[in-house]
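For reference, the structure is listed below as structure tokens.
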Amino acid sequence: MKTVTSPFRFKGGVHPDYNKELARDLPIETLSCPAELVVSLSQHLGAPATCLVKPGDYVVKGQVLGSRTGFISLAVHAPANGIVKAVEPRLTASGGQSPAVVLDTTAPAPEGVDPTERVLAPLDWQTAPREDLLRRIEEAGICGMGGAGFPTCVKLNPPPGKRCEFLIVNGAECEPYLCADHRVMIERADRIRTGVEIMRRVLGDPAVRIAVEANKPEAIAALERAFADIAGDVEIVVLPVLYPQGSEKHQIYATVGRVVPEPPALPIDVGCVVENVGTVAAIADAVEKGKILLSRVTTVSGDAVATPKNVEAPIGTSYADLIAFCGGTKGTPAKMISGGTMMGFAVATDRIPTTKTTSGLLLLSERRVFRYSSQACINCGRCLRACPMNLDVAEIGKAVESDDMAEAESLHVMSCIECGACSFSCPAYRPLTQHCRRAKGTIRARLAAARAAVASAKATT
Amino acid sequence: MKPKDTSVRYLLSSSPHAHASVSVTRLMLDVILALLPTTAAGIAFFGWPALWTVLTCVVSAVATEALCRRAMGREQTVGDLSAVLTGLLLALNLPAGLPLWMAAAGSVFAIAIAKQVFGGLGMNPFNPALAARAFLLISFTGPMTTWLKPFWWRSPEAMTTATPLATQEFPGFADLFLGIMPGCIGEVSALALLVGAAYLLVRRVITWHIPVAFLATCAACALVLGGAPVHVQLLSGGIVLGACFMATDYVTSPASAKGKLIFGCGCGLLCMLIRRFGAYPEGCSFAILIMNAFAPLISRWTKPKPFGAK
Amino acid sequence: MLIAIAVIAGIGFVGALALAIADRYLAVKEDPRIGLVSAALPGANCGGCGFPGCDGYARALVAGKAPNGACAAGGAAVATEIARILGLEAASVTRRVALVKCCGSRSETIRVGDYNGLCDCGLAAATAGGDKGCRYGCLGYGACANVCPQHAISITDGLAKVEKRLCIGCGKCVSACPRRLIELVPADATIHVLCNNPVRGPEVRKVCGTGCLGCHLCERNAGGPAAGHFTFSGFLAKVNYENPPTDEQLAAKCPAKCISVDPHWESAE
Amino acid sequence: MSYYLMILVGAVLVNNFVLSRFLGCCPFLGVSKRTETALGMSGAVVFVMTVAAAVTWCVDRWLLQPNGLGYVHTLAFILVIAALVQFIDIAMKRFLPALHAALGIFLPLITTNCAVLGAAEINCKQGSGFFESVFFSFSAALGFGFALLVFSGLREKLAHANPPACFRGVAVALVAGGLLSLAFMGFSGLVKLPY
């Protein structure tokens with residue numbers, strides 16, 4: 001095991017002020033179970049889980065609330081004991097609504113119901129067959145906790161004919177303010193090591209690269225201690241501090257120098273699987289202790305929070321409870337963000353529940369907030385230099401502004417990863433990321449309609 | 001009737017929620033600051049007429065922009081200092097003794113015709129200051145080609161003369177570099193220009209690509225085509241002003257690095273061709289104007305290749 | 001002088017001869033019916049039939065790859081004309097117009113935030129659900145108005161409204177609205193429920209002053225559930241357009257004032 | 001050899017047909033919306049002008065001059081060009097249908113295009129030799145195509161501009177064209193040419 005500095009540097013990227021010092025050195029604190037939990041049935045990428053409970057049922061911690069529907073989907077479990085108050089659409093961080101199970105955790109357990117937590121049988125990862133390990137990861141409801149929420153059981157099971165040569169553990173956490181992964185690496189390095197061992201057995205013993213940004217020396221030290229005597233090709237790669245270092249494609253390039261082709265290509269096409277450190281720790285808990293993924297570490301920070309904290313809260317805790325746990329607001333917050341400032345969602349109310357992918361909750365005062373004024377583009381090229389995907393963002397913005405989606409598509413807008421580096425660096429305060437998002441949405445809708453037309457045409461003939 | 005508004009009102013905007021806090025006004029201010037040494041040198045060498053020309057151009061540029069925006073019924077954009085910058089750049093491209101009404105007419109042309117007609121900042125295909133200079137040069141060739149001698153008030157009898165390029169007798173290197181020679185207000189003092197350009201490079205307002213490509217091509221052509229010695233050609237006739245401030249105007253030059261290099265080389269080549277064979281003694285502003293016309297084609301042919309594209 | 005006339009005439013004649021020969025040997029065959037059909041089509045190129053403009057639809061019709069009567073803009077008249085040209089039996093086309101099922105303007109609904117971004121409903125909905133309190137209602141950023149080829153939709157006080165006379169029923173606004181608020185209803189229907197929020201009444205009342213409370217009064221006043229004029233999904237009333245209610249008093253009797261009466265009129269032709 | 005180079009530079013840069021002599025402005029404005037159609041149009045104009053120059057020279061030198069009919073050459077030229085363009089239109093539709101679809105309505109526009117007639121007139125007035133007048137028309141057409149290509153780049157940039165209501169469309173294109181010809185005045189005097 002050796003520590004190397006990353007030899008590859010991708011073009012572009014920006015340096016937002018990271019503000020990590022607010023919560024970097026604070027140990028993870030555990031939030032005891034709040035009175036009401038709202039467990040969303042679509043906490044992951046893919047189809048939402050089908051609900052198995054109805055209002056009035058009493059559920060026990062770890063019990064399945066919604067089963068997996070279809071290949072890309074995951075089961076949803078009860079984060080605590082309680083009675084199901086309702087199953088109804090509830091607000092989500094991204095602005096829409098999705099069906100959710102509302103639990104009242106203060107209700108006493110009726111007799112004849114064993115209130116102890118449902119735990120799966122622990123497995124010995126050295127000897128258990130690969131299929132058992134994969135099924136355990138699925139049963140524990142583990143999904144990518146970096147932000148996308150892709151079901152891990154699907155990602156760790158590459159399609160036939162594709163071999164995983166590199167397992168990359170993503171400890172970059174390049175989003176400003178967020179320190180959840182940083183604390184997980186410091187306090188749970190041993191679990192990460194076990195998780196890596198398990199994933200190596202599942203993926204057929206690939207080489208391992210643990211990517212950490214250079215602004216997290218304590219995390220690197222902790223990982224070096226945990227991985228000191230590990231066998232096989234394992235390296236800790238120290239990456240330069242640059243946003244968006246944590247993006248899958250750029251992390252693969254920075255650690256192993258391979259370039260993932262344009263969509264619909266996937267990292268597995270270049271023999272890589274990228275997994276967030278939080279997910280790796282959760283895999284270790286699921287296999288060794290049989291624990292289901294029922295809680296996660298979220299950084300509550302920002303200059304409008306009384307005392308910023310890294311909180312391990314049960315999934316489904318509302319933002320209001322999280323803020324109350326951190327001593328409430330300080331001054332008048334102008335903006336509340338779920339996630340980091342570069343890719344997070346602005347939210348309108350604190351009555352939104354956390355999910356498996358909520359990595360942060362920020363409250364910013366008027367001083368730290370700016371407004372898009374969408375002035376005319378002066379063709380200064382800053383967005384070109386900032387874009388990590390090397391797209392001609394200025395032209396895409398102008399094309400989308402005059403509704404020319406065909407030109408936007410010819411400018412490769414579908415490769416945009418919506419990292420926000422362009423809007424960040426635009427002196428005319430143009431919402432370029434929103435332009436790209438609108439273009440991608442329109443093009444996806446058109447492609448879906450075309451596929452539907454072809455399907456219906458095939459059906460009629 | 002509307003229910004009572006109880007909820008706290010947060011700001012809702014798309015990601016990202018952080019910004020590099022650089023603004024168009026800040027960029028324009030940086031360029032104006034970079035031009036101050038050149039303006040000071042111009043006023044020092046050519047006295048009061050230079051100062052009046054600069055003031056006239058800036059004031060009439062700002063006034064024209066304000067009037068145009070009101071006539072077009074659009075929000076005022078005088079605050080982004082781009083009109084002030086255009087006025088200042090135009091003034092630096094004029095001879096000091098030019099009648100003030102001509103300078104004002106040039107500013108009106110620069111702002112109204114070369115910029116606001118297309119919709120304002122960011123939409124003009126040609127550099128407004130240079131378009132106005134070409135307009136003045138062709139409309140009033142006489143006054144535009146008579147230059148005051150530096151410190152003319154010391155020897156009032158020989159006030160006006162032609163530029164070194166025209167008379168082919170060249171002052172020593174020191175005078176050339178410091179700018180003690182006849183010419184337009186802003187194009188004489190190479191030292192002040194280079195100080196300003198260095199400031200812009202350090203502040204990352206401009207990149208090195210256009211100035212270096214422009215000056216390198218000019219030097220190469222000067223060697224190949226002959227004529228005056230290389231350093232004289234470079235330091236006179238507004239090449240340094242053109243390369244560092246006029247050609248690097250964001251709106252009318254390509255945005256990608258490769259595009260900037262091609263643009264710079266094109267400007268240098270055309271400048272020397274016009275100077276060597278053309279009818280006008282000084283080809284720099286026409287060269288940049290012509291390359292402005294090519295800028296859209298250049299940026300079309302130098303599209304960046306996306307990360308991961310074949 | 002005579003020579004001049006002779007020379008000019010000579011040049012003209014030689015040119016004409018060359019063209020005549022070229023016209024015969026280099027002609028390109030093309031089905032004449034395509035011209036006739038595209039002449040019959042309105043030529044608005046609105047794409048409502050799903051083909052790239054009228055010419056595209058005409059070529060598909062002649063090649064037999066497109067159903068007749070898909071031209072909503074032309075309606076029955078065009079369908080019968082095309083049927084005559086191509087010798088098909090004419091499909092019947094009932095005239096449909098778009099209806100925005102929301103009456104919650106900005107002055108009727110609470111505001112939950114200050115939206116700072118592009119003027120597009122899809123994007124506003126993706127940014128914390130927009131700045132209006134109701135999660136099911138009209139966002140008022142004009143995605144439907146931008147896409148309407150006939151400019152029949154206007155946005156007043158944050159609420160979209162379709163001008164019935166201009167609407168040709170092409171359905172582009174239906175897919176443009178991120179909240180699926182717009183429905184193609186028969187042009188001659190007069191009673192409409194202008195709400196899309198299925199949540200319980202007290203919850204609706206918290207966010208909007210004129211949202212449907214699900215009180216079933218309109219159903220009772222229109223002859224009860226048996227009459228089948230209304231259907232209910234959650235606490236939201238929906239007009240059954242196969243058998244629409246006609247009593248103009250329903251609007252006055254609705255406590256939430258979200259039922260509207262559209263004057264009955266004969267469409268243009 | 002340098003004489004022909006001077007003709008080429010003269011016709012393309014110094015006395016450009018569109019930007020200095022202001023000939024052929026209608027296709028210059030009509031076709032320059034997109035660079036692809038501009039290229040197609042330039043190709044067509046180069047072909048038409050070169051062939052027209054050859055034919056008109058022959059008609060003028062063999063048919064009109066010997067009979068002392070110099071004064072009717074304009075009328076004769078128009079007849080020849082019109083017939084020629086129509087012939088090219090039919091031939092292109094038969095052999096190059098794709099290009100014909102893109103340029104369909106502009107081909108008749110070339111018939112009334114003053115650039116084609118202009119080149120023939122200048123050749124006739126100069127009384128230059130066969131190869132010299134064909135080469136001049138060819139380089140004049142190249143100049144036209146060159147200006148059209150540059151202007152189409154500008155037009156695509158103007159597509160994203162948002163001029164005031166009264167200037168939308170061709171008006172703002174005309175202003176840009178004017179500034180472009182102002183810029184091309186820089187080339188004046190680059191080459192000492194008789195015409």
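- Residues Gln76(B) and Arg70(B) have side chains in contact (heavy-atom distance under 4.5 Å, counting atoms from C-beta outward).
- The aromatic rings of Tyr241(C) and His192(C) sit tilted, their planes meeting at an angle between 30° and 60°.
- The contact list for residues 115-126 of chain C toward chain B, using heavy atoms and a distance under 4.5 Å, reads Tyr115(C), Asn116(C) by residue number.
- Sorted by first and then second residue, the side chain to side chain donor-acceptor pair (under 3.5 Å) pairs involving residues 103-113 of chain B (not counting sequence neighbours) are Ser60(B)-Ser107(B).
- Geometrically, Arg106(C) engages Tyr141(C) in a cation-pi contact, judged by NZ or CZ lying under 6.0 Å from the ring centre and within 45° of the ring axis.
- Atom CZ of Arg204(B) has 12 or fewer heavy atoms from other residues, nucleotides or ligands within 6.0 Å.
- Looking at Phe230(C), Phe232(C), Phe235(C) one by one, the single match for ring pair (Phe, Tyr, Trp, His ring centres under 6.0 Å) with His216(C) turns out to be Phe232(C).
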